[in-house]
There are 2 protein chains.
Amino acid sequence: MPTLKYSRQREAVKEFLASRIDHPTADTVYTNLREKFPNISLGTVYRNLSLLADMGEIIKITTGDGADRFDGRITPHNHFICRKCHKVSDLEMESIDSILGIAQKNFPGKIDSHVTNFYGICGDCIKKP
Amino acid sequence: MPTLKYSRQREAVKEFLASRIDHPTADTVYTNLREKFPNISLGTVYRNLSLLADMGEIIKITTGDGADRFDGRITPHNHFICRKCHKVSDLEMESIDSILGIAQKNFPGKIDSHVTNFYGICGDCIKKP
DNA sequence: TTCGTTGCAAATGTTTTGCACCTGA
DNA sequence: TCAGGTGCAAAACATTTGCAACGAA
């Protein structure tokens, strides 16, 4: 692996994600960064998102519903995806990492992590008709 | 929603998935069904996979690693994805649905389900260098 | 100077869709 | 008959990549 070099664009991607509590797609990151870097390209955004995710400085969220989303919050937490408005929310909940032990029983490989996404109707959508 | 009509192709898609314990992609389904239906199109395969998944007769698995996969087994279970060979396996484990209650605490919406994928190194890859 | 990074555009891989024809009920 | 299903090809998306120019160390 090559040594990373500083880049304004990469810093801006990270900073932008840290400033948001929603979970932007690559395209949203791109659109917003264009204000500060009018010439930034989508390829650069994808390259940096991928690098940052590999380094563990951001989290990539795959919902299976359109484009991947990215999260600047890296403390362990889970996500909720609304079936109606497709919004992704952070869940404030106690750790469920004990499910790793449950899954590991009788399994011949080595399980080291899990990704759990919860689904349902979000608080906002419940109120609407 | 329109009334479904019988179709040989849809039956064959369902039957093919029921016959496999791995978790084929749409393209794998397509390639295999071509033996029985030389003119079947990828579009038809996708349309039927999508229909069957909506009806709950098969499960769509999004791993975030290449194409989606499909599972003909619909009894509740979880999946393991190997970081090395990217194989998807069924996990035989006790229910972890109690995490729904944990997630629901302090959450304003209505959580009705979860998808949990486990990651690590599978039994086969552990043996290899 | 060196080598990672960027912008641009083209390419890739996956999935969806428009349309004319076919088929089950 | 008629609404749903199919094959084919084109389109739509999301993401990746080749390359020449740029910029940090």
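Reminder, nothing fancy here: chain letters follow the sequence lines and each chain counts from 1.
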Quiz item: So which of residues 45-59 of chain B are in contact with DNA chain C, with a heavy-atom cut-off of under 4.0 Å?
Solution: B:Tyr46, B:Arg47

Exercise. Specify the residue among B:Arg69 and A:Gly43 whose closest nucleotide of DNA chain C lies further upstream toward the 5′ end.
Key: A:Gly43

Quiz item: Would one find a side-chain N or O of B:Thr44 under 4.0 angstrom from OP1 or OP2 of D:dG7?
Solution: yes

Practice problem: Would you mind telling me which residue lines up with the more 5' stretch of DNA chain C, B:Arg8 or B:Ala67, judged by nearest nucleotide? | Solution: B:Ala67

Quiz item: Roughly, in whole Å, what's the span from OH in A:Tyr30 to P in D:dA14?
Solution: 14 Å

Self-check item: ILVMFWY cluster membership beyond A:Leu51 - transitive side-chain contacts under 4.5 angstrom
Solution: A:Leu4, A:Val13, A:Phe16, A:Leu17, A:Val29, A:Tyr30, A:Leu33, A:Phe37, A:Ile40, A:Leu42, A:Val45, A:Tyr46, A:Leu49, A:Leu52, A:Met55, A:Ile58, A:Phe70

Quiz prompt | Pairing of B:Arg73 and B:Glu92 as salt bridge, 4.0 angstrom limit | solution = yes

Quiz item: What is the distance, rounded to the nearest whole Å, between atom CZ of B:Arg34 and atom P of D:dT6?
Solution: 15 Å

Self-check item: Inter-residue atom distance B:Ile61.CD1 - B:Asp71.CG, 0.5 Å rounding
Solution: 4.5 Å

Self-check item: Any A:Ser7 side-chain N or O less than 4.0 Å from OP1/OP2 of D:dA24
Solution: no

Quiz item: Distance check: side-chain N/O of B:Gln9 vs OP1/OP2 of C:dT23, anything under 4.0 Å?
Solution: no

Practice problem: Could you check how far CG of B:Asp68 sits from C1' of D:dC13, rounded to whole Å? | Solution: 13 Å

Practice problem: Mind checking A:Asp27 for me? I need base, sugar-phosphate or nothing, with any heavy atom below 4.0 Å counting as a touch. | Solution: nothing

Quiz item: Rounded to the nearest Å, what distance is computed from the CG atom of residue A:Leu33 to the P atom of nucleotide C:dT6?
Solution: 11 Å

Quiz prompt | Nearest-0.5 Å distance that lies between atom OH in B:Tyr119 and atom CG in B:Asp65 | solution = 8.0 Å

Quiz item: Expressed in angstrom and rounded to an integer, what is the separation of B:Asp65 atom CG from C:dT14 atom C1'?
Solution: 13 Å

Quiz item: Sequence neighbours excluded, which residues qualify as ring-ring contact (aromatic ring centres under 6.0 Å, His included) partners of B:His86?
Solution: none

Quiz item: To the nearest angstrom, how far is A:Asn39 atom CG from C:dA9 atom C1'?
Solution: 15 Å

Quiz item: Side chain of B:Ile40: nearest nucleotide among C:dT15, D:dG7, D:dA25?
Solution: D:dG7

Practice problem: Identify whether the distance between the nearest side-chain nitrogen and carboxylate oxygen of A:Arg10 and A:Glu57 falls below 4.0 Å. | Solution: no

Quiz item: Per the side-chain contact (heavy atoms from CB on, under 4.5 Å) rule, which among B:Ile111, B:Asp112, B:Thr116 passes with B:His114?
Solution: B:Thr116

Quiz item: In whole angstrom, what separates A:Leu4's CG from C:dT6's P?
Solution: 10 Å

Quiz item: Rounded to the Å, how far apart are B:Lys5 NZ and D:dT1 C1'?
Solution: 10 Å

